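Heads up: the structure comes next, in structure tokens.
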Amino acid sequence: MAIPCPPFLTSEKLTPTESPTPPPPVSQEELKKIAAYKAVDFVQSGMVLGLGTGSTAKHAVDRIGELLNLGKLTNITGIPTSKQTQKQALSLGIPLSDLDSHPVVDLAIDGADEVDGHLNLVKGRGGSLLREKMIESACRKFIVIVDQSKIVSHIGAHGGAMPVEVVPFCWKFTQEKLQVLFDYAGCEAKLRRIGNGDDPYVTDNGNYIVDLFFEKEIGDLEVASDKMLRLAGVVEHGLFLGMASTVIVAGELGVTIKHRFD
């Protein structure tokens, strides 16, 4: 189902001597905002919401806060997927809780780093993959919001990182095990650092992240997932398989909504 975006609609009529003026290019940030606002249309008063992390999810959290302040949404409870999102939500006046108090979440809205044709995802390049997976796996409905650049033919197609959260203890040992595990796919495993420095990036959970880069397809994603989780030292990985209920994609020609069982 494709829904044209408002910026591309026009009522201007051209005379035969006029040439149509192409619309101004839409920035990636604007596309993210379009997808995020569309996702918030699914939010209803009284819901427990998983609040995603990252540049796209930030727009959704902002919109939820705006609608709460306008009185268009009421009795919303948010469960943030990171300390960053927790801080943002509190600044907007969104009431917060956690999975201990709300083990079933009505709806989560979050971005993704990659989305394939089966709505499988790569997430975690922002560093919040463990909390995201815990909350989004507890949802009745999980809506993913992306711009068109995140759509891939297969996981790893663009050569981007597939994050794996690992315990700091003997992280080099775990990193080497991960690289060997995917040697057939030309894997390079790198510890994520802070900026261009030497200090390891530390997650909200006090762990490190090893980013995996593939030259070839990794094959059966369920098998790959299981093998990673069997490695001692691995806490969680950024493959989100069979979790997305709906993916909202904002592109230059409009918004496309894809449902898992379409």
Side-chain angles (χ1 to χ4, degrees), residues 28 31-32 35 39 52-57 81 108-137 139 142-166 174-192 201 203 207-231 233-251 256-262:
Q28 187 179 38
L31 292 176
K32 291 178 180 180
T53 297
S55 58
T56 308
T81 56
I109 300 174
D110 204 354
D113 300 304
E114 295 184 12
V115 181
D116 73 7
H118 300 288
L119 306 192
N120 293 314
L121 317 172
V122 170
K123 289 177 52 57
R125 291 178 192 165
S128 303
L129 62 103
L130 175 56
R131 296 190 185 192
E132 288 173 341
K133 189 169 284 189
M134 289 178 67
I135 292 167
E136 289 153 10
S137 64
C139 291
F142 174 27
I143 299 179
V144 178
I145 47 178
V146 294
D147 64 86
Q148 61 190 6
S149 70
K150 304 301 174 65
I151 303 302
V152 297
S153 59
H154 62 271
I155 295 300
H158 292 172
M162 207 285 287
V164 182
E165 187 160 341
V166 303
T174 308
Q175 175 180 279
E176 290 171 2
K177 288 289 186 181
L178 285 165
Q179 182 155 318
V180 169
L181 185 65
F182 293 107
D183 183 64
Y184 66 90
C187 176
E188 182 179 12
K190 295 182 179 180
L191 181 71
R192 186 178 298 184
Y201 174 90
T203 71
N207 296 315
Y208 293 169
I209 288 183
V210 173
D211 288 317
L212 307 182
F213 300 88
F214 305 108
E215 293 180 356
K216 304 173 185 176
E217 291 191 53
I218 61 175
D220 189 308
L221 299 180
E222 294 284 356
V223 172
S225 168
D226 184 62
K227 286 182 176 180
M228 282 188 283
L229 293 176
R230 287 176 181 272
L231 289 178
V234 168
V235 179
E236 190 52 86
H237 58 69
L239 283 176
F240 284 51
L241 307 179
M243 291 177 57
S245 309
T246 299
V247 175
I248 299 176
V249 186
T256 302
I257 300 178
K258 302 179 180 181
H259 300 288
R260 171 161 298 279
F261 299 109
D262 280 356

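As the structure is a prediction and not an experimental result, all values here were calculated from the model. Basis for what follows: all heavy atoms, side chains included, without hydrogens, waters or symmetry-related copies.
Inter-residue side-chain proximity for Pro163 and Val122 is flagged as met; some heavy-atom pair is nearer than 4.5 Å. In this structure the side chain of Glu136 reaches within 4.5 angstrom of the side chain of Thr81, judged on heavy atoms.
The side-chain contact (heavy atoms from CB on, under 4.5 Å) search around Thr246 returns Lys141, Ile143, Ile248, Ile257, His259, not counting sequence neighbours. For the ring pair (Phe, Tyr, Trp, His ring centres under 6.0 Å) test, residues two or more places apart in sequence or in another chain that qualify with Phe214 are Phe182. Scanning for salt bridge (Lys or Arg N to Asp or Glu O under 4.0 Å) contacts around Asp116 gives an empty result, with sequence neighbours left out. Partners of Lys133 under the salt bridge (Lys or Arg N to Asp or Glu O under 4.0 Å) rule, at least two apart in sequence or in another chain, are Glu236.
Of all non-hydrogen atoms in Ala35 and Ile145, the two that sit nearest each other are O-CG2, 3.4 Å. Taking every heavy atom of both residues into account, Val144 and Ala244 meet most closely at CG2-CB, 3.7 Å. Here the shortest heavy-atom pairing between Tyr184 and Lys216 reads O-CD, 3.8 Å. Here the closest heavy-atom approach between residue Gly52 and residue Ala57 is recorded as C-CB, 3.4 Å. Shown here for Val247 and Val249, the closest heavy-atom pair between the two residues is CG1-CG2, 3.8 Å. The two residues Ile209 and Gly124 have their closest heavy-atom pair at CD1-O, 4.3 Å.
Between the CE atom of Met243 and the CZ atom of Arg260 there is a distance of 9.5 Å, given to the nearest 0.5 Å. Ile155 CD1 to Phe240 CZ: the interatomic distance, rounded to the nearest 0.5 Å, is 11.5 Å. Rounding to the nearest 0.5 Å places CD of Glu222 at 9.0 Å from CG of Leu239. The CD1 atom of Ile151 sits 8.5 Å away from atom CG of Leu119, with the distance rounded to the nearest 0.5 Å. Here CD of Gln28 is found 9.0 Å from CD of Gln148. Values are rounded to the nearest 0.5 Å. The CG atom of Leu181 sits 8.5 Å away from atom CG of Leu212, with the distance rounded to the nearest 0.5 Å.
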Practice item. Go through the steps for Gln179 and Val210 under the test side chain to side chain contact (heavy atoms under 4.5 Å, CB included), then give the verdict. Key: CA-CA 10 Å; Gln179 182 155 318; Val210 173; over 6 Å; no
Practice item. Assess whether side chain to side chain contact (heavy atoms under 4.5 Å, CB included) is satisfied between Thr56 and Val146, documenting all intermediate values. Key: CA-CA 7 Å; Thr56 308; Val146 294; over 6 Å; no
Review point. Stepwise, does the side chain to side chain contact (heavy atoms under 4.5 Å, CB included) test hold for Leu130 with Thr203?
Key: CA-CA 9 Å; Leu130 175 56; Thr203 71; over 6 Å; no
Report all side-chain donor-acceptor pairs from residues 224-231 shorter than 3.5 Å, counting only partners two or more places apart or in another chain.
{"unit_1": "Ser225", "atom_1": "OG", "unit_2": "His237", "atom_2": "NE2", "d": "2.8"}
{"unit_1": "Asp226", "atom_1": "OD1", "unit_2": "Arg230", "atom_2": "NE", "d": "3.4"}
{"unit_1": "Asp226", "atom_1": "OD2", "unit_2": "Arg230", "atom_2": "NE", "d": "2.7"}

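Within the 3.5 Å criterion, the main-chain N or O of Leu191 finds a donor-acceptor partner in the side chain of Gln175.
Note on residues 121-132: pairs passing side chain to side chain donor-acceptor pair (under 3.5 Å), not counting sequence neighbours, are Asp110-Lys123, Glu114-Arg125, Lys123-Glu132, Arg131-Asn205.
Salt bridge annotation for Asp211-Arg192: present, with a cationic side-chain nitrogen under 4.0 angstrom from a carboxylate oxygen.
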